[in-house]
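Everything quoted here is computed from the prediction, not taken from an experiment.
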Amino acid sequence: MFKKIHKWFSYDMGIDLGTASTLVYVAGRGIVINEPSVVAVNQKTGQVVAVGAKAKQMIGRTPGHITAVRPLVDGVISDFEVTEEMMSYLLNKAQSGKHTLFGPRVVVGVPSGITNVEIRAVRDAAKGAGAREVHVVEEPMATAIGINLPVRDPVGTMVVDIGGGTSDIAVISLGGVVQSRNLRVAGDHLNQDIISYVRSEFKVLIGEKTAESLKIAIGSLVIADKPLEASIKGRDLVSGLPREVVVTDADIREALSSSIDTIVESVKEVLEITPPEVLADVMNRGIYLSGGGALIRGMSDVLHEHTLIPIHVADDPLTSVVRGTGIILEDLEKYLEVLIENENELPPAT
Ligand code: ADP
Ligand code: MG
């Protein structure tokens, strides 16, 4: 009875607190928010000026006293207060500003390997933002649930989620993460690789947005049937003046090769420490790729070549985590075992 009434008066939500974007799923409605994880702060007053898409537009264009921060980029929560502000803005927006009687129940996805202190920070931020109940799930688990893999069965499943700030590699069985690795080599790092490459090869300085659009438009880890190229504008390092250069897929492949090797090596390392029975399942069932990095052309070919395991790219890989949190939310009892609920075991906050 309470459950039913509660459904009418509250907007329960699943949140993917990603380093690049934050997505919010509202029970019964689907994904209602998909915004960059960026907050613009006025350093003079400490006030939040803008959140999400609006704040992202300000990056690199702000007057001295306003800074655009990506609160999650250098760690799970590198800036606690700003994260709380961002969550509270998003919770409000997801509830369309309506005042609800109970405050939402929230399921938040966090990177694997997160420390207890960081989990507490996430819980506190969500509570501070108005959540009544906060449940935490590791992102690889949420991704696997989002792509309908049988995470609660006694069968091994491997997911590789390549996001903006971090890549998460995890093997799951019986509702738990058996092995995992979280590395700081992901989409942002690839953008930096492209910036460095263009600087050293063409003596031209480009910004992060240009690098990202090159990666998406012409990046390919395998030789494309038709060569891809794009012309971009940057600052000539010698003359200081604008200059246009033509960059090809071969350039991007070269620029990304070392970081891609690092990701592939980490996948192999996780496979090496996976127990034999679980490994056999993974070999049979394949590795599932998600996150924005799953969309890099040739990513699955490269992983297959180095692991000899079938690779599946998730449908709509940018939303699998939040869809997973949504599935959990709609049936919390069923998924209790996959949640991190060890609040009592947490060390005292410092
Ligand atoms: P997070 O979960 O950390 O917020 P996402 O899973 O949303 O990250 O992925 C964001 C990253 O994916 C960014 O670095 C972005 O440049 C990259 N990305 C998005 N689409 C593509 C694409 N089509 N090709 C290559 N990279 C992409
Ligand atoms: Mg993510």
Side-chain angles (χ1 to χ4, degrees), residues 19-20 143 147 158-169 181 183-234 236-237 243-272 282-320:
T19 59
T143 300
I147 48 190
M158 184 170 196
V159 291
V160 175
D161 180 313
I162 305 171
T166 56
S167 293
D168 251 317
I169 301 158
R181 186 143 304 182
L183 60 156
R184 297 274 152 91
V185 179
D188 294 337
H189 205 287
L190 302 179
N191 299 345
Q192 292 303 324
D193 290 340
I194 294 174
I195 294 175
S196 309
Y197 180 90
V198 171
R199 186 168 48 212
S200 69
E201 287 299 305
F202 298 97
K203 310 288 176 251
V204 165
L205 184 67
I206 58 171
E208 185 156 3
K209 273 191 193 156
T210 306
E212 180 175 42
S213 55
L214 277 177
K215 175 181 72 179
I216 294 175
I218 64 165
S220 177
L221 305 182
V222 291
I223 298 172
D225 300 337
K226 254 196 268 155
L228 302 165
E229 57 176 51
S231 87
I232 46 153
K233 293 187 190 76
D236 186 296
L237 285 171
R243 180 153 71 90
E244 198 164 320
V245 289
V246 175
V247 181
T248 66
D249 61 311
D251 289 317
I252 304 298
R253 195 152 47 247
E254 172 72 24
L256 303 185
S257 68
S258 138
S259 295
I260 297 298
D261 283 351
T262 305
I263 297 174
V264 170
E265 279 312 307
S266 303
V267 172
K268 284 167 74 178
E269 279 165 31
V270 172
L271 288 169
E272 277 160 20
V282 171
M283 289 169 72
N284 288 329
R285 296 162 35 75
I287 298 173
Y288 291 82
L289 271 185
S290 73
L295 293 168
I296 300 170
R297 290 181 199 82
M299 192 69 215
S300 56
D301 305 82
V302 169
L303 273 173
H304 176 67
E305 187 192 327
H306 289 89
T307 60
L308 304 177
I309 296 176
I311 311 290
H312 312 286
V313 177
D315 289 336
D316 201 1
L318 289 160
T319 62
S320 44

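Arg297 is listed as a side-chain neighbour of Leu228, based on a closest heavy-atom distance under 4.5 Å. Side chains of Asp188 and Gln192 form no contact here, defined as non-hydrogen atoms less than 4.5 Å apart. Two residues are said to be in side-chain contact when any heavy atoms from C-beta on lie closer than 4.5 Å; Ile287 and His304 fail this criterion. Within the 4.5 Å cutoff, the side chain of Leu295 has heavy atoms near those of the Pro317 side chain. The shortest side-chain heavy-atom distance between Ile147 and Asp315 does not fall under the 4.5 Å cut-off. Looking at heavy atoms from C-beta onward, Met158 lies in side-chain contact with Leu271 at the 4.5 angstrom threshold. The closest side-chain heavy-atom distance from Asp301 to Leu221 is not below 4.5 Å. In this structure the side chain of Met299 reaches within 4.5 angstrom of the side chain of Ile260, judged on heavy atoms.
Here Ile218 contributes atom CD1 and Ile194 contributes atom CD1; the two are 8.0 Å apart, rounded to the nearest 0.5 Å. A distance of 8.5 Å separates CD1 of Ile169 from CD of Glu269, quoted to the nearest 0.5 Å. We find the CD-CG distance between Glu254 and Asp193 to be 11.0 Å, quoted to the nearest 0.5 Å. For the atom pair Ile309 CD1 and Lys268 NZ, the distance stands at 11.0 Å (nearest 0.5 Å). Note: Asp161 CG to Leu318 CG = 9.5 Å, rounded to the nearest 0.5 Å. Between the OG atom of Ser257 and the OH atom of Tyr197 there is a distance of 9.5 Å, given to the nearest 0.5 Å.
Between Ser231 and Val246, the closest heavy-atom pair is CB-CG2, 4.0 Å. In terms of heavy-atom proximity, Thr262 sits nearest to Val185 at CG2-CG2, 4.0 Å. Taking each heavy atom of Ser290 and Ala314 in turn, the nearest pair found is CB-CB, 4.2 Å.
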Open item on the list: Evaluate Ile206 against Leu214 for side chain to side chain contact (heavy atoms under 4.5 Å, CB included), listing each step before the verdict.
Closed with: CA-CA 11 Å; Ile206 58 171; Leu214 277 177; 4.2 Å; yes
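Counting only distance, with no hydrogens or angles, the side chain of Arg253 and the backbone of Val222 share a donor-acceptor pair below 3.5 Å. Side chain of Ser167 to main chain of Leu183: no donor-acceptor pair is present (N/O by atom type, distance under 3.5 Å, no hydrogens or angles). Put simply, the side chain of Ser320 never gets that close to the backbone of Asp316: no donor and acceptor are under 3.5 Å apart.
In summary, the side chains of Asp251 and Thr248 do present a donor paired with an acceptor at a separation below 3.5 Å, with no hydrogens or angles considered.
Among residues two or more places apart in sequence or in another chain, the side-chain contact (heavy atoms from CB on, under 4.5 Å) test is passed with Ala217 by none. Take His312 and apply the ring-ring contact (aromatic ring centres under 6.0 Å, His included) test, not counting sequence neighbours, and it matches Tyr288.
Note on residues 198-224: pairs passing side-chain hydrogen bond (donor to acceptor under 3.5 Å, both in side chains), not counting sequence neighbours, are Asn191-Lys215.
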